Amino acid sequence: MQLHSALVALGATVVAAVQPLEVKGRDFINPTTGNRFQIVGVAYQPGGSAGYDKEAGRDPLSDPDICMRDAALLQILGVNTIRVYNVNPDVNHDKCASIFNAAGMYMVLDVNSPLVGDSLTSWNPWESYYAAYLNRTFAVVEAFKDYPNTLAFFSGNEVLNNEDTGATVPPYMRAVTRDIKNYVKKHVKRPIPVGYSAADVRSILFDTYNYFQCSLDGDDGDMSMGDIFALNSYSWCGESSFEKAKYDQLVSGLKGATVPVFFSEYGCNTPSPRVFTEVGTIYSSKMSDVFSGGVVYEYTQEDNNYGLVDMKTDGSAKLRSDFVSLKNQYSKLDFAEIQGQKPATTSNGKPPACETKLITTKGFNSNFTLPVLPPGAQEIIDNGVKPTPKGKLVKITDWKVKYTVKNPDGSTITNLSVKPLADDDINSPGSNTDSGTDTSTAGTQTSDASTDGTKTDAPTPSDNAAAGSVAAVLPAAVLGAFAVLAAL
């Protein structure tokens, strides 16, 4: 009876919000524990760009039954973050945000969409930088600012994707970051970070970082500086290595970062099925001093063959062998150790001043004079978006998944549900012990997908964002309780 009462009491408190994180120097920090946070993420855009339908009022976070299904599966992996590319600020996201919150998952959100006028374009960016566009980005901020698991906003995704775009885009992209940060400062109770998701085009990558992360006023209070910097990288393919995949170059080139750096996409799909051998390196001491983890591309299988899960229109799903491979790689990690690290005792200091000498690629823009706000934009920043989208956590009473989900071998996963976490508990692979998953041999299955699924396939991974645009785990206490029950 005493044990039963303890479980009941625990169940009453377990559905608690994840702790809003803070950025301190080059780390995400949990202000309660003081521990550094490493992103263990998956890109989440069911249906690809088609999963965002403004007219139908649909986006990846609009259907709570779908979110429940996917949060439960992502808990099996041990995920703590999802990246969502296209969201509709006019749609209510309370239930989905609450589900992912209880499941211990943060949300990194792109503020743009594939629709015309909803993104900064790579070509003639000055033509797409106007008040109505900025209003849309601010509306996304308003819609998600009050969820404690909103981790960050991306002001852009691969807008700079070659040397030509490096000539014209940087001032406008940095201006959009400035504008969103000014809106956050005026209308958001906590400093949610804003930054850029870069293409891993090595000829311009480090210039891109230097342009966005230097300080115009010589201080770290410059509102046009990115609070974070991320990159979409597919250089590690198959059984590669730190040096072969040129991860060593990334660490060397970004080691002076004064903000959190992480992979906003990774997971080369050649050969297929994938083996995800980069996971162990990303979370090792070789990279963890510079990188704060990463986001695997992507959750659902689309035409470009990067999916972990096959989805059907009736809501049912089937795990792919890639899901099992990723889980196996995550299972080799010590998640308690990874998420229990203290931040570096020494920081990298203040960002460098913006100077022409920071730019090394011929033709890359070295002019740090940013465009002024377009007409009408300052009024929106001052007075806020009207009408103002609102979001809040809501009570969820049923955590069971309503849809059929199958293992790669075709067997049905039974008792699939989200397991709400208590504050500051962490997800880890396979801890969703109530779910009847059997993936012991699934990873040996041969995929029927083509092996010609490289980053250059059409559509590419970041087609989930606007094209060329600014784009089940039990808490430790509960596991302990169930362990006692099992021993009785």
Side-chain angles (χ1 to χ4, degrees), residues 39 41 43 45 48-49 83 85-86 108-114 119-125 128 152-174 176-177 194-213 226 228-237 245-247 249-254 257 259-270 278 282 290-291 294-298 302 304 306 359-365 453-471:
I39 291 174
Q45 189 73 25
S49 58
R83 177 188 180 180
Y85 296 84
N86 311 138
V108 178
L109 303 150
D110 290 71
V111 300
N112 305 277
S113 93
S119 62
L120 189 73
T121 56
S122 295
W123 63 95
N124 299 345
S128 55
F153 296 110
F154 281 139
S155 55
N157 181 75
E158 296 195 0
V159 194
L160 288 82
N161 49 29
N162 55 41
E163 293 184 17
D164 290 341
T165 55
T168 57
V169 169
Y172 291 90
M173 187 67 261
R174 183 160 174 150
V176 172
T177 301
V194 181
Y196 178 69
S197 173
D200 185 8
V201 179
R202 296 297 168 91
S203 62
I204 63 169
L205 175 63
F206 300 121
D207 283 329
T208 300
Y209 173 83
N210 287 332
Y211 193 97
F212 292 151
Q213 301 309 142
I228 56 176
F229 185 81
L231 61 149
N232 303 332
S233 181
Y234 294 82
S235 62
W236 187 303
C237 297
K246 300 181 179 179
Y247 275 20
Q249 295 180 10
L250 294 177
V251 170
S252 176
L254 297 168
V259 299
V261 174
F262 59 95
F263 288 117
S264 41
E265 292 177 8
Y266 75 90
C268 175
N269 65 354
T270 304
E278 65 266 50
I282 291 172
V290 176
F291 278 75
V295 175
V296 171
Y297 193 85
E298 67 173 320
E302 310 295 345
N304 55 9
Y306 281 86
I359 306 303
T360 61
T361 302
K362 183 178 179 180
F364 195 97
N365 198 309
T454 67
K455 184 67 167 67
T456 57
D457 282 351
T460 62
S462 287
D463 284 341
N464 275 347
S469 72
V470 207

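Remember, predicted model here, so these are calculated numbers, not experimental data.
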Taking all atoms of both residues into account, what is the closest heavy-atom pair of Thr121 and Asn124, and its distance? OG1-O, 3.8 Å
Within the side chain of Glu158, is there an N or O that forms a donor-acceptor pair under 3.5 Å with the backbone of Ser197? no
Gln249 side, atom CD; Leu205 side, atom CG - distance, nearest 0.5 Å: 10.0 Å
On a heavy-atom basis, the closest approach of Pro125 and Val169 is CG-CA, 4.0 Å
Residues Asn365 and Arg174: side-chain donor-acceptor under 3.5 angstrom: no
Can you check whether Leu231 reaches Leu254 side chain to side chain, under 4.5 Å on heavy atoms? yes
Between Ser235 (side chain only) and Ala245 (backbone N and O only), is there a donor and an acceptor less than 3.5 Å apart? yes
Do Trp236 and Tyr266 have their ring centres less than 6.0 Å from each other? no
When Tyr247, Tyr234, Tyr297 are each screened for ring pair (Phe, Tyr, Trp, His ring centres under 6.0 Å) with Phe263, the one that passes is Tyr247
Quick check: closest heavy atoms across Ser264 and Val295, and the distance to 0.1 Å? O-CB, 3.5 Å
Going by the angle between their ring planes, with limits at 30° and 60°, are Tyr209 and Phe229 parallel, tilted or perpendicular? perpendicular
Atom CD1 in Ile282, atom CZ in Phe262: separation rounded to 0.5 Å? 12.5 Å
For the CZ atom of Arg202 and the CG atom of Asp207, what is their distance to the nearest 0.5 Å? 13.5 Å
Does any non-hydrogen side-chain atom of Phe364 lie less than 4.5 Å from one of Pro170? yes
Indicate yes or no for a side-chain donor-acceptor contact from Asn210 to the backbone of Ile359 under 3.5 Å, with no hydrogens or angles considered. no
What distance separates Ser252 OG from Lys246 NZ, expressed to the nearest 0.5 Å? 13.5 Å
Could you tell me whether the side chain of Leu160 reaches within less than 4.5 Å of the side chain of Tyr196, counting heavy atoms only? yes
If we only count heavy atoms from C-beta on, is the Glu298 to Asn304 side-chain gap below 4.5 Å? yes
Do the non-hydrogen side-chain atoms of Asn157 and Asn232 ever get within less than 4.5 Å of each other? yes
For the CZ atom of Phe154 and the CD1 atom of Ile228, what is their distance to the nearest 0.5 Å? 5.0 Å
Test your reading of the model: is there a side-chain donor-acceptor pair from Gln45 to the backbone of Asn86, 3.5 Å cut-off? yes
Check: Thr177 side chain, Met173 main-chain N or O, donor-acceptor pair, under 3.5 Å: yes
Applying side-chain contact (heavy atoms from CB on, under 4.5 Å) to Leu250 and Val261, what does each step give before you reach the verdict? CA-CA 10 Å; Leu250 294 177; Val261 174; over 6 Å; no
Flag side-chain contact, heavy atom, 4.5 Å: Asn161 against Ser122: yes
